Amino acid sequence: MNIILLGAPFSGKGTLAKDLTREFGFVQVSTGDLFRENIKKGTDVGVLAKKYIDKGQLVPDSVTIEMLKQRISKSDCKNGVVFDGFPRTTKQAEELDKIAKIDAVIQLDVPFDIVRRRCLGRRICSKCGEIYNTATYSKTTCAKCGSPLFQRDDDNLETLNNRLEVYEKMTAPLINFYADRLVVVDGSKDPDTAFKSACKLLKEI
Ligand code: ADP
Ligand code: ZN
């Protein structure tokens with residue numbers, strides 16, 4: 001089974017993707033994480049992507065789609081993928097339909113004022129990628145692996161406003177594109193609430 005998580009920045013896609021991966025044995029494919037890996041390694045894709053990410057804009061479709069195709073051609077994706085942050089445009093969704101069967105799309109619904117509140121508090125484990133928020137977790141090291149937490153360069157209010165505008169304009173239309181496969185989860189509560197409701201919906205499919 002392949003599923004897509006659709007939602008604004010800070011709707012909880014990354015956290016839910018990790019929880020679903022643990023529960024169902026999916027592989028998490030996050031284009032944001034793939035770009036950040038490329039930036040860290042200094043690849044051509046990374047150098048190009050950074051220019052867009054730092055401004056809160058989307059990386060061009062051609063680059064994103066090519067990187068995604070390479071990732072899902074690997075054998076670990078055969079057992080089911082949870083797509084986190086892809087597709088983000090209609091073009092990406094059309095291309096994905098050509099190469100993978102998408103069984104369900106989970107829309108994580110969160111009002112923008114909650115998104116803004118979550119933005120400044122997000123912290124990420126530098127080793128295992130676990131996601132925390134300073135509102136509920138005050139330590140500076142990961143509860144799972146003990147490694148230091150960091151804040152993403154693009155997690156600031158200036159970039160966030162661009163990211164929200166881009167989401168409304170480019171990504172929100174996918175809610176209609178996937179109307180036949182869409183389930184909606186309330187992402188405004190805590191991560192466990194979203195996880196339980198997503199599990200229930202997926203088991204019904
Ligand atoms: P968010 O918390 O905003 O959902 P991500 O980690 O998914 O963050 O993505 C970070 C940035 O990487 C985005 O703001 C965008 O610039 C770029 N990016 C990620 N996925 C895509 C995609 N599918 N298409 C274009 N750009 C993307
Ligand atoms: Zn960790």
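Atoms within a ligand are numbered from 1 in the order they appear, just like the ligands themselves. Just so it is clear, the model here is predicted, and its values are computed rather than measured.
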Tell me if a side-chain donor or acceptor on [X] pairs with a main-chain N or O of [Y] at a distance below 3.5 Å.
X: Asn133; Y: Thr136; value: no
X: Asn162; Y: Gln57; value: no
X: Tyr132; Y: Lys139; value: no

To the nearest 0.5 Å, what is the distance between NZ (Lys189) and NZ (Lys196)?
14.0 Å

Residue [X] vicinity, atoms of ligand 1 by number, heavy atom under 4.0 Å:
X: Arg36; value: 6 (O), 10 (C)
X: Thr64; value: 22 (C), 23 (N), 24 (N), 25 (C)
X: Gly32; value: 5 (P), 6 (O), 9 (O), 19 (C), 20 (N)

Can you check whether Arg181 reaches Ile205 side chain to side chain, under 4.5 Å on heavy atoms?
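The answer is no; the side chains never approach within 4.5 Å.
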
Are Asp186 and Thr193 close enough that some pair of their side-chain heavy atoms sits under 4.5 Å apart?
no

Decide whether an N or O pair under 3.5 Å exists between [X] and ligand 1.
X: Asp154; value: no
X: Ser30; value: no
X: Gly56; value: no

Hey, is Asp155 close enough to Arg122 for a salt bridge, meaning N to O under 4.0 Å?
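Yes.
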
Does Glu130 pair with Arg22 as a salt bridge, N-O distance under 4.0 Å?
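Counted as a salt bridge, because a side-chain N and a carboxylate O are separated by less than 4.0 Å.
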
Restricting to heavy atoms, the pick from Arg163, Arg88, Arg122 nearest atom 5 (P) of ligand 1 would be Arg88

For atom CD of Glu158, is the number of surrounding heavy atoms from other residues, nucleotides or ligands below 6.0 Å larger than 12?
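Not buried by this count: 12 neighbours or fewer within 6.0 Å.
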
State whether the number of non-hydrogen atoms from other residues, nucleotides or ligands found under 6.0 Å of Asp113 atom CG is greater than 12.
yes

Can you tell me the protein heavy atom closest to [atom] and the distance?
atom: atom 24 (N) of ligand 1; value: Gln92 NE2, 2.9 Å
atom: atom 20 (N) of ligand 1; value: Thr31 OG1, 2.8 Å
atom: atom 4 (O) of ligand 1; value: Lys13 NZ, 3.0 Å
atom: atom 16 (O) of ligand 1; value: Gln57 O, 2.5 Å
atom: atom 26 (N) of ligand 1; value: Val59 N, 3.1 Å
atom: atom 11 (C) of ligand 1; value: Ile53 CG1, 3.9 Å
atom: atom 27 (C) of ligand 1; value: Phe35 CE1, 3.7 Å

Are any of the heavy atoms in Arg152 under 4.0 Å away from ligand 1?
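In this structure, Arg152 qualifies as a contact of ligand 1 - some heavy atom is under 4.0 Å.
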
Compute the angle centred on the Zn ion (ligand 2) spanning SG of Cys145 and SG of Cys128, and express it rounded to 10 degrees.
120°

